[in-house]
> 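Following this message is one structure expressed as structure tokens.
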Amino acid sequence: MSALLSLCFVLPLAAPGHGTQGWEPCTDLRPLDILAEVVPSDGATSGIRIVQVHGARGLQLSVAAPRTMSFPASRIFSQCDLFPEEFSIVVTLRVPNLPPKRNEYLLTVVAEESDLLLLGLRLSPAQLHFLFLREDTAGAWQTRVSFRSPALVDGRWHTLVLAVSAGVFSLTTDCGLPVDIMADVPFPATLSVKGARFFVGSRRRAKGLFMGLVRQLVLLPGSDATPRLCPSRNAPLAVLSIPRVLQALTGKPEDNEVLKYPYETNIRVTLGPQPPCTEVEDAQFWFDASRKGLYLCVGNEWVSVLAAKERLDYVEEHQNLSTNSETLGIEVFRIPQVGLFVATANRKATSAVYKWTEEKFVSYQNIPTHQAQAWRHFTIGKKIFLAVANFEPDEKGQEFSVIYKWSHRKLKFTPYQSIATHSARDWEAFEVDGEHFLAVANHREGDNHNIDSVIYKWNPATRLFEANQTIATSGAYDWEFFSVGPYSFLVVANTFNGTSTKVHSHLYIRLLGSFQLFQSFPTFGAADWEVFQIGERIFLAVANSHSYDVEMQVQNDSYVINSVIYELNVTAQAFVKFQDILTCSAEERAGLLCAAQLCVPTDVQRRLGKGVPSPSAVTLGPGGLQGALDWEFFSVGEDYFLVVANSFDGRTFSVNSIIYRWQGYEGFVAVHSLPTVGCRDWEAFSTTAGAYLIYSSAKEPLSRVLRLRTR
């Protein structure tokens, strides 16, 4: 891990002119604000618009004439005509969308007479290109260094640092890990900019204009700007130098700045029930009269702008949802223009999908399954999918989990692809750099719990998922994907290694096209991971279900065990323990000794020299479930909560599940105790009428919908 973490440190660039005789800078060795050179302090340049998005101002340059956004290179290269050999360029930009095969220029240096491109920074949908002119005795040619897309085309602010030094080209996005390219052709030591002009947002002509917003564009001669910017509390908006007219963030207007700057003002306020929030409604308002709140559509989500502060008062029962059989997992999801749904993973041969109708869930579609453990809803473009993890083989003795696709014509889910799995417990769907993946938690193959789980990758050509990577797991029960800045992580809950539930669960980071081990956690029958963020703090909670070892006598209190919340420590570059929370639960299957949601066949127990405990020694239940089985994070107003699924305490399945409220320095504190029976899974959701929780029971064919009442 130490070798991997060494990637996180930025090596300082060599001193300017290292190894050259009598080197003198052609510019001041200070940040040179390129934007300030083309935008006067009063923001009055013709054709430039100042637009405020997500609380920050930027310049929209596409409506200005290219010549307007330019200046002679001699203005900043006052002592000589050579561009520095070592330098960095800092850009803060917002790119809402970029059509395929389109290239847009962020910055260029162009020779006036010959129209040669001496230096440029160009953006395409998939890559960021750094261009420069290289000359020698054989002639002159243009060189391009390309970085794979750092996921910039998402409508959000991002800050990039391009550093050039001694043949190394480095790109840092939002203060993340730098991507280094060792080029065969180094940046020239004698690039003359005599008679050249800087162009911002273009290449001197109308073609290739940058259509997004630019907030910062700085040239720093002689050094890497990354240590000056990072770490930052707000990395996407890290500042080295920006023009004065852009410096104020959202807050109280000074003087009459609303009239002073030409903000975008295409504003419409919608009344009534919650309307859709899509690209069409972006930057429009909705007033919710029932909650007396004003909301703004931002990135497909309604964000509260003005509302009375809601606080959770109490929880009340809203609906008893009868299910086909005991339910091991639930998945709540929405289908645009169709409605809100919940899918239940049922123990018997049929699982179901329910639709929210007139403030309750009603049966919508039955789907054949084989002791289903979990559902996962995901989308790829306009395609809508629902994947089920089947634990048992089908009628032919074959083990398959199935991906279903939503039919817009039939308004039903239809079978799309079957994938061979081994006692599958969970699916996790995620996207990395525009590519789509599915990870399956393979629990066991026969009596062997130490097997590979598999990550599948979507092939756009075949339109199918194909095996991409295998990861060794021990009784895998759950996958959880999350991102921190530009980095993607995948954590697995390992439950049982064949003899003990005391096994390590592992966190993986995606590097060089595959997931690699990043950190290991000691866990006890880990059944679930939940990642969540409070402010800028990132947490990871594990549900430990059961402490069991074949060499120890089974104790009822082995179900009462600490589950753990970890917090990301950026300095240590690891998750560290933040809080222990005492949790409990369990379940049963005839003829099996079940430990932490895994089932050890009785003949295996005998081979290990242990008799099968009597029911008084260990309580068993449907589906082989035990321990604290699930965490669910949700918020009400400005308050944050965690609810845990407690199922069994060593004596009874009628165990209270607990809601914990975030209280800052105190951590999470228990505030509500909810009576549950064999609780397996929690999901939080909201409608125009309010906020709800739903839990599934692995002990009875009944799930319950609870309403969160606020004051």
> Taking side chain as C-beta onward, heavy atoms only, is Tyr566 less than 4.5 Å from Phe521?
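Yes, close enough: below the 4.5 Å cut-off.
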> Give, for atom CD1 of Ile561 and atom CG of Leu582, the distance between the pair rounded to the nearest 0.5 Å.
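Interatomic distance, Ile561 CD1 to Leu582 CG, rounded to 0.5 Å: 9.0 Å.
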> So, does Asp394 use its side chain to make a donor-acceptor pair with the main chain of Lys396 at under 3.5 Å?
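Such a contact is found between Asp394 side chain and Lys396 backbone.
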> For the residue pair Phe465 and Gln417, establish whether any side-chain heavy-atom pair is separated by less than 4.5 Å.
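In contact.
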> For Ala439 and Leu490, which heavy atoms make the closest approach, and how far apart are they?
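Result for this residue pair: CB-CD2, 4.3 Å.
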> Which atom names give the shortest non-hydrogen contact between Ser647 and Cys679, and what distance separates them?
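Scanning both residues completely, I find the closest heavy atoms to be CB-O, 3.3 Å.
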> State whether a side-chain donor-acceptor pair under 3.5 Å links Asp174 with His158.
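On atom types as modelled, these side chains qualify, holding a pair under 3.5 Å.
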> So, do Ser563 and Phe524 sit near enough that their side-chain heavy atoms are less than 4.5 Å apart?
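With C-beta onward as the side chain, the pair stays apart.
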> Atom CD in Gln469, atom OH in Tyr456: separation rounded to 0.5 Å?
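It comes to 12.5 Å.
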> To the nearest 0.5 Å, tell me how far Gln519 CD sits from Ile509 CD1.
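Interatomic distance, Gln519 CD to Ile509 CD1, rounded to 0.5 Å: 11.0 Å.
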> What's the spacing between Gln516 CD and Leu507 CG if we round to 0.5 Å?
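Going from CD on Gln516 over to CG on Leu507, the span is 12.5 Å.
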> Assess whether a salt bridge exists between Glu326 and Lys699, defined as any Lys/Arg side-chain N lying under 4.0 Å from an Asp/Glu carboxylate O.
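Judged by the 4.0 Å cut-off on N to carboxylate O distance, Glu326 and Lys699 do not form a salt bridge.
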> Any side-chain heavy atom of Tyr354 sitting closer than 4.5 Å to one from Tyr364?
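Of all side-chain heavy-atom pairs linking Tyr364 with Tyr354, none is under 4.5 Å.
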> If only atom types and distance count, is the side chain of Thr327 paired as donor or acceptor with the main-chain N or O of Gly329 below 3.5 Å?
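A pair under 3.5 Å: no.
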> Quick one: sort the Phe489 and Phe482 rings into parallel, tilted or perpendicular, breaks at 30° and 60°.
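It falls in the parallel class, under 30°.
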> With a 4.5 Å limit on heavy-atom distance, are the side chains of Ile565 and Ile581 in contact?
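Sidechains of Ile581 and Ile565: in contact.
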> Check each of Asn494, Thr473, Thr470 against Ser453 using the side chain to side chain donor-acceptor pair (under 3.5 Å) test, and report the only one that passes.
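Passing option: Thr473.
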> Within the structure provided, determine whether Leu642 and Ile659 are in side-chain contact (heavy-atom separation under 4.5 Å).
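No, side chains not in contact.
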> How about His422 and His443: are their ring centres within less than 6.0 Å of each other?
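Judged by ring-centre distance (under 6.0 Å), His422 and His443 do not meet the cut-off.
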> Checking Gln533 side chain against Gly535 main chain: does a donor-acceptor pair fall under 3.5 Å?
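At least one qualifying donor-acceptor pair exists.
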> So Trp356 and Phe361, would you call those rings parallel, tilted or perpendicular, with 30° and 60° as cut-offs?
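Trp356 and Phe361: perpendicular rings.
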> If we ignore hydrogens and angles and just use 3.5 Å, is the side chain of Asp528 paired with the main-chain N or O of Trp631 as donor and acceptor?
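Present.
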> Taking all non-hydrogen atoms of both residues, which atom of Ser474 and which atom of Asn450 are closest, and how far apart?
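Minimum heavy-atom separation between Ser474 and Asn450: OG-OD1, 2.8 Å.
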> Closest approach of Ser351 and Ala372, non-hydrogen atoms and distance?
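Scanning both residues, the minimum pair turns out to be OG-CB, 3.6 Å.
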> For Ser654 versus Val677, what's the shortest heavy-atom pair and its separation?
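The answer is OG-CG2, 4.1 Å.
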> Hey, can you pull the donor-acceptor pairs under 3.5 Å for the side chains in residues 332-345, sequence neighbours left out?
unit_1	atom_1	unit_2	atom_2	d
Arg334	NH2	Ser686	O	2.2
Thr344	OG1	Asn346	OD1	3.0
Thr344	OG1	Ala352	O	3.3

> Angle between ring planes, Tyr548 versus His546, binned at 30° and 60°: parallel, tilted or perpendicular?
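Taking His546 first and then Tyr548, their aromatic rings lie parallel (interplane angle under 30°).
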> Quick check, are the ring centers of Tyr416 and Tyr404 under 6.0 angstrom apart?
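Ring centres of Tyr404 and Tyr416 not closer than 6.0 Å.
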> Rounded to the nearest 0.5 Å, how far apart are CG of Leu321 and CG of Leu702?
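Rounded to the nearest 0.5 Å, the CG-CG separation comes to 7.5 Å.
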> Which residue pairs pass the salt bridge (Lys or Arg N to Asp or Glu O under 4.0 Å) test with at least one member in residues 372-382, sequence neighbours excluded?
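Listed once each, the pairs are Glu331-Arg376, Arg376-Asp426, Arg376-Glu428.
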> Is it the case that the side chain of Thr323 and the backbone of Ser325 share a donor-acceptor pair, with hydrogens and angles ignored and the cut-off at 3.5 Å?
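Yes: the side chain of Thr323 pairs with the backbone of Ser325.
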> Side chains of Asn320 and Ser322: is there a donor and an acceptor less than 3.5 Å apart?
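There is no such pair (donor and acceptor under 3.5 Å, judged by atom type) between the side chains of Asn320 and Ser322.
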> Are the side chains of Phe515 and Asn468 in contact, using a 4.5 Å heavy-atom criterion?
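The answer is no, as the side chains (C-beta and beyond) never meet within the 4.5 Å cut-off.
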> Just by distance, do the side chain of Arg680 and the backbone of Leu328 share a donor-acceptor pair under 3.5 Å?
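Answer holds: yes.
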> Please evaluate residues Trp427 and Leu386 with respect to the criterion side chain to side chain contact (heavy atoms under 4.5 Å, CB included), reporting the C-alpha separation (whole Å), side-chain torsions for both, the decisive distance (0.1 Å), and the verdict.
CA-CA 10 Å; Trp427 284 107; Leu386 196 59; over 6 Å; no
> Tell me, yes or no, whether the heavy-atom count around Lys348 atom NZ, taken from other residues, nucleotides or ligands under 6.0 Å, exceeds 12.
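No - once you tally the heavy atoms of other residues, nucleotides and ligands closer than 6.0 Å, there are 12 at most.
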> Output yes when a side-chain donor or acceptor of Glu632 lies under 3.5 Å from a complementary backbone atom of Ala684, and no otherwise.
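Between the backbone of Ala684 and the side chain of Glu632 there is a qualifying donor-acceptor contact (under 3.5 Å).
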> Can Thr421 and Ser401 be counted as having a side-chain donor-acceptor contact under 3.5 angstrom?
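Judged by distance alone, the side chains do pair up.
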> Could you walk me through whether Lys577 and Asp580 pass the salt bridge (Lys or Arg N to Asp or Glu O under 4.0 Å) test, one step at a time?
CA-CA 8 Å; Lys577 183 183 287 190; Asp580 285 317; 3.6 Å; yes
> Centroid-to-centroid, Phe532 to Phe633, below 6.0 Å?
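Phe532 vs Phe633: aromatic centres under 6.0 Å.
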> Regarding Gln373 and Arg425, do their side chains bring together a donor and an acceptor under 3.5 Å, going by distance alone?
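Side-chain D/A pair, Gln373 to Arg425: present.
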> Take the angle between the ring planes of Trp682 and Tyr695 and call it parallel below 30°, perpendicular above 60°, tilted in between.
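Ring orientation, 0 to 90° scale: tilted.
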> For Phe539 and Trp662, what are the C-alpha separation, side-chain angles and deciding distance, and is it a ring pair (Phe, Tyr, Trp, His ring centres under 6.0 Å)?
CA-CA 12 Å; Phe539 297 90; Trp662 171 254; 5.5 Å; yes
> If a pair satisfies salt bridge (Lys or Arg N to Asp or Glu O under 4.0 Å) and one of its residues is in residues 456-468, list it, with sequence neighbours excluded.
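Passing the test, one end in residues 456-468: Glu435-Lys457.
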> If we ignore hydrogens and angles and just use 3.5 Å, is the side chain of Gln579 paired with the main-chain N or O of Phe668 as donor and acceptor?
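Indeed, once roles are kept as given, a pair shorter than 3.5 Å links the two residues.
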> Could you check Thr583, Thr523, Asn544 and say which one makes a side-chain contact (heavy atoms from CB on, under 4.5 Å) with Val564?
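So, applying the side-chain contact (heavy atoms from CB on, under 4.5 Å) to Val564 and each of Thr583, Thr523, Asn544, only Asn544 qualifies.
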> Under the ring-ring contact (aromatic ring centres under 6.0 Å, His included) test, which residues partner Tyr508, sequence neighbours left out?
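None.
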> Which residue pairs satisfy the salt bridge (Lys or Arg N to Asp or Glu O under 4.0 Å) criterion with at least one member in residues 350-369, sequence neighbours excluded?
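Residue pairs with at least one partner in residues 350-369: there are none.
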> Flag the pair Thr499 / Asn497 as yes when at least one side-chain heavy-atom distance between them is below 4.5 Å, and no otherwise.
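Side-chain contact under 4.5 Å: yes.
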> Would you say Glu399's side chain and Ser423's backbone share a donor-acceptor pair under 3.5 angstrom?
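Side chain of Glu399 to backbone of Ser423, a donor-acceptor pair under 3.5 Å: yes, one is there.
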> If you compare all heavy atoms of Asn442 against all heavy atoms of Asp452, which two are closest, and at what distance to 0.1 Å?
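Looking at all heavy atoms of both residues, the shortest contact is ND2-O, 3.1 Å.
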> Not counting sequence neighbours, which residues clear side chain to side chain donor-acceptor pair (under 3.5 Å) with His506? List them please.
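Counting only residues at least two positions away or on another chain, His506 forms a side chain to side chain donor-acceptor pair (under 3.5 Å) with Ser520.
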> Is it the case that the side chain of Asp681 and the backbone of Ile330 share a donor-acceptor pair, with hydrogens and angles ignored and the cut-off at 3.5 Å?
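Side chain of Asp681 to backbone of Ile330: a pair is present.
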> Please report the interatomic distance CD1(Ile658) to OG1(Thr676), rounded to the nearest 0.5 Å.
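Nearest 0.5 Å value for the CD1-OG1 distance: 8.5 Å.
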> Please determine whether the number of non-hydrogen atoms from other residues, nucleotides or ligands lying under 6.0 Å from atom CZ of Arg707 exceeds 12.
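Enclosed: over 12 neighbouring heavy atoms sit under 6.0 Å from CZ of Arg707.
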